[in-house]
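Okay, so here's the structure we're looking at.
The model shown is predicted, which means the values in this text are computed figures rather than measured ones.
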Amino acid sequence: MKHTGSLLIVDDNPDILIAARLLLKQHYQSVKATDNPFDIAGIINEQRKADQPIDVILLDMNFTQDSISGKEGFYWLKKIIEQDANIVVLLMTAYGDIQLAVDAIKAGASDFIAKPWQNEQLLGAVAAAFSHAKDKQQVGKLTRQKDGLNQVLSNQPFEFLGQSAAMQQVFTTIEKAAQTDANILITGESGTGKELTAHAIHQASMRHNQTFMSLDMGAVAQNLFESELFGHKKGAFTDAKSDRIGKFELAQGGSLFLDELGNLPLEHQAKLLAALQNRKITPVGGSKAVDIDIRLICATNDNLDQAVAEGRFRQDLLYRINTVEIRLPALRERSDDIPMLADYYLNHFAQKYKRNLTIKTHDMSLLCQYAWPGNVRELAHAIERAVILSDGNNLDVSSVIGSAGATNHTTTNDNEAYDTFDLEILEQRTVRAALTHYQGNVSHAAKALGLTRGAMYRRLEKYGL
């Protein structure tokens, strides 16, 4: 019975190719062969597309030039590893010596076979290589699962990107501030990447091996604020059926990220300030204070200085949380980053939905000209939607900014006549107009529209804002 798996033999000697292929075809289901090493990359890609990826490559060390040193073999070994590190490579040569074998193993080869070989020796080496390949694939699968779990737990699906001068200034500030334990306040419009910034700060800090814990303050019910942050003891209130550890304790030794801090009511601001000043918390229903050791990172799209002036936010708490302030620029302020971000999200969602799409130069210009009031979040949602809806091999930019572009014009003039009575389009325009009017502040826009925050977020998701 033949073993599953795919094998590729690469040798410029046709006799070697025929002999090896005839022998190995008796034992393995898929055996490919080529006398040209320049074919390797193409064969690997073709097999992957056919869902029969190459597991093992039997690679000659010498081809046409410099036919004794083995340099060509090491060159192609490196190329294979760069293309797919899970492929196991067996090197073979008629000019074998101990040092060459040692160098081959150090370079990443699984084994070294001298020609001519004994059939049993070759079969044994190939069998060991397939076993090694299986182990590498299993490790790779576990690693991807672990990375996927960490991604879900951290809620950070995307990278923090930017090459514009404005973003370089942000990166410089992060690099300087992250090495300290100073409290950091991240400000900017909705969708500019405040949580990604918080993750970047944590990863660059001395606490990067510890927990990163986040909490959206705008999503916490007022009666559960203390329980969420400080925890509670069993029986502390009606639904407290067991002890609960709060976010401060869960983040012990690491970083605590409080998003949408501007939504925190005044009475809760006082309790948060006391915890930060005393570096202690007391669970609801408890009597023993717990020492806390966290790095605090806060974020808001509200103008906290204005909130202080209006009496909505405590000035002493503002002083406490913004030892360093990082302002994230709106996407319209760093339009140089749009091509890079568009390509990044296109690659991400093309892989997710198994599409092969590109963006034409003219269409990229259209993306750069659009104002993106929903910032990077809107761009990401728009690209995802376009990947799903596009036909052919080019991204359908009209599905990204068609109605959005029209919105830019229809919402800037209050006296302009309606060009449609479609309620869904009108709702989208109204939501976008509210966001623009309140400079991306979701809470204020939702209040103006008569919506709850949850209902507002559902519409933002629906319309890719």
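Atom NZ of Lys32 has 12 or fewer neighbouring heavy atoms from other residues, nucleotides or ligands inside a 6.0 Å radius. Other residues, nucleotides and ligands contribute over 12 non-hydrogen atoms within 6.0 Å of the CD atom of Gln277. Counting non-hydrogen atoms of other residues, nucleotides and ligands closer than 6.0 Å to CG of Asn356 gives a total of 12 or fewer. Atom OH of Tyr319 sits in a sparse spot, with 12 or fewer heavy atoms from other residues, nucleotides or ligands closer than 6.0 Å.
Between the side chains of Thr358 and Asn394, at least one donor-acceptor pair of N or O atoms lies under 3.5 Å. No side-chain donor from either of Thr192 and Asn375 sits under 3.5 Å from a side-chain acceptor of the other.
Between the CD atom of Gln203 and the CG atom of Leu196 there is a distance of 12.0 Å, given to the nearest 0.5 Å. For the atom pair CD1 of Ile388 and NZ of Lys352, the computed distance is 7.5 Å after rounding to the nearest 0.5 Å. The line from CG of Leu90 to CG of Leu77 is 10.5 Å long, rounded to the nearest 0.5 Å. A distance of 4.0 Å separates OH in Tyr370 from CD in Glu378, rounded to the nearest 0.5 Å. Taking OG1 of Thr197 as the start and NZ of Lys194 as the end, the distance is 8.5 Å to the nearest 0.5 Å. Atoms CD1 and CG, from Ile297 and Asp259 in turn, are 11.0 Å apart once rounded to the nearest 0.5 Å.
Looking only at distances, no side-chain donor or acceptor of Arg207 sits under 3.5 Å from a matching main-chain atom of His202. Of the possible polar contacts, one joining the Asn303 side chain to the Gln306 backbone as a donor-acceptor pair under 3.5 Å is found. In this structure a side-chain-to-backbone donor-acceptor pair under 3.5 Å is missing from Glu189 to Leu328. Distance alone, capped at 3.5 Å, places no donor-acceptor pair between the Trp372 side chain and the Ala330 backbone. Here the side chain of Ser390 pairs a donor or acceptor atom with the backbone of Asp396 at under 3.5 angstrom. Looking only at distances, a side-chain donor or acceptor of Thr173 sits under 3.5 Å from a matching main-chain atom of Gln169. Looking at Glu260, its side chain never comes within 3.5 Å of a backbone N or O of Met217 through a donor-acceptor pair. Panel note: side chain Ser255, backbone Ala251; no donor-acceptor pair is recorded below 3.5 Å. The closest donor-acceptor contact from the side chain of Lys247 to the backbone of Leu256 lies at 3.5 Å or more, if one exists at all. Of the possible polar contacts, none joining the Arg334 side chain to the Ala166 backbone as a donor-acceptor pair under 3.5 Å is found.
Within the 4.5 Å cutoff, the side chain of Gln252 has no heavy atoms near those of the Thr211 side chain. In this structure the side chain of Arg459 never reaches within 4.5 angstrom of the side chain of Thr430, judged on heavy atoms. Side-chain atoms of Asn45 and Gln83, non-hydrogen and from C-beta on, do get closer than 4.5 Å to each other. With a 4.5 Å cut-off on side-chain heavy atoms, Leu435 and Leu460 count as touching. Inter-residue side-chain proximity for Leu318 and Asp305 is flagged as met; some heavy-atom pair is nearer than 4.5 Å. Between Pro339 and Ile359, the closest side-chain pair of non-hydrogen atoms is not below 4.5 Å. Looking at heavy atoms from C-beta onward, Asp293 lies in side-chain contact with Arg279 at the 4.5 angstrom threshold. Side-chain contact between Ile184 and Arg295 is present, with at least one heavy-atom pair separated by less than 4.5 Å.
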Step by step, work out the side chain to side chain contact (heavy atoms under 4.5 Å, CB included) result for Ile87 and Leu8.
-> CA-CA 10 Å; Ile87 294 177; Leu8 172 62; over 6 Å; no

Please report the C-alpha distance between Arg314 and Arg320 in whole Å, then the side-chain angles of each, then the deciding distance to 0.1 Å, and finally whether the side chain to side chain contact (heavy atoms under 4.5 Å, CB included) criterion is met.
-> CA-CA 10 Å; Arg314 294 179 62 110; Arg320 177 68 61 175; over 6 Å; no

Are Ile57 and Ile40 close enough, and set up right, to give a side chain to side chain contact (heavy atoms under 4.5 Å, CB included), and what steps lead you there?
-> CA-CA 9 Å; Ile57 294 180; Ile40 294 174; 4.2 Å; yes

Should Glu384 and Tyr345 be marked as a side chain to side chain contact (heavy atoms under 4.5 Å, CB included) after you check the CA-CA gap, both sets of side-chain angles, and the distance that decides it?
-> CA-CA 7 Å; Glu384 181 178 17; Tyr345 289 121; over 6 Å; no

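Contact between Arg327 and Val170 at its shortest, heavy atoms only, is O-CG2, 3.8 Å. When all heavy atoms are compared, the tightest approach of Gln210 to Gly254 is CB-CA, 3.6 Å. The minimum heavy-atom distance between Phe257 and Ala198, with the atom names listed, is CD1-CB, 3.5 Å. The two residues Phe230 and Ala275 come nearest to each other via the heavy atoms CE2-CB, 3.9 Å. Of all heavy-atom pairs between Arg355 and Gly392, the closest is NH2-O, 3.4 Å.
Ring orientation note: the planes of His268 and Phe225 are close to parallel, at an angle under 30° on the 30°/60° scale.
Residues Phe160 and His199 place their aromatic rings such that the two centres sit no closer than 6.0 Å.
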